[in-house]
Amino acid sequence: MTTQTPHQRFIPLDTLTTQAPVLFIDSQAPLSDLHACLAERLHALHKLLTVFACSPMDNNDPSDISTVTNIARLLLQDANDIFDVVQQRGMSA
């Protein structure tokens, strides 16, 4: 994630697919909202990986592993970027 300057309110989420940022985190959003957003992504990731881990591999299309890995990476990257903002806010408080 791009390092936040003191006056930067909207911080771009990391992306591998675009030249310019498209999605942003409001660094001044209430901590409870940032936490809820972070928790939603981590819980979704946990459920996704649990379902995938508990399903027999012989029933999966080979492209399923790539798809699940990409979804997991996106959710984890979002969660990591949000966590960085929460951590930065906690350190400066």
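All values derive from a computational prediction rather than experimental measurement.
Taken to the nearest 0.5 Å, the CZ atom of R89 stands 7.0 Å off from the OG atom of S27. A distance of 8.5 Å separates CG in D84 from CG in D14, rounded to the nearest 0.5 Å. Note: N80 CG to L38 CG = 9.5 Å, rounded to the nearest 0.5 Å. Rounding to the nearest 0.5 Å gives a distance of 12.0 Å between OG of S63 and CG of N70. H35 NE2 to E40 CD: the interatomic distance, rounded to the nearest 0.5 Å, is 12.0 Å.
More than 12 heavy-atom neighbours from other residues, nucleotides or ligands sit within 6.0 angstrom of CZ on F52.
By the 4.5 Å heavy-atom criterion applied to side chains, T15 and V22 are not counted as neighbours. In this structure, F10 and D26 have side chains that are in contact, with non-hydrogen atoms separated by less than 4.5 Å.
Side-chain atoms of Q77 and D81 include a donor-acceptor pair closer than 3.5 Å.
Closest of all the heavy-atom pairs between Q88 and S92 is O-OG, 2.9 Å.
Side-chain heavy atoms closer than 4.5 Å link hydrophobic residues (I, L, V, M, F, W, Y) into clusters, and following such links, possibly through other members, connects F83 to L23.
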Side-chain donor-acceptor pairs under 3.5 Å in residues 41-50, sequence neighbours left out?
from: R41; atom 1: NE; to: D78; atom 2: OD2; distance (Å): 3.4
from: R41; atom 1: NH1; to: C37; atom 2: O; distance (Å): 3.4
from: H43; atom 1: ND1; to: A39; atom 2: O; distance (Å): 3.2
from: T50; atom 1: OG1; to: H46; atom 2: O; distance (Å): 2.8

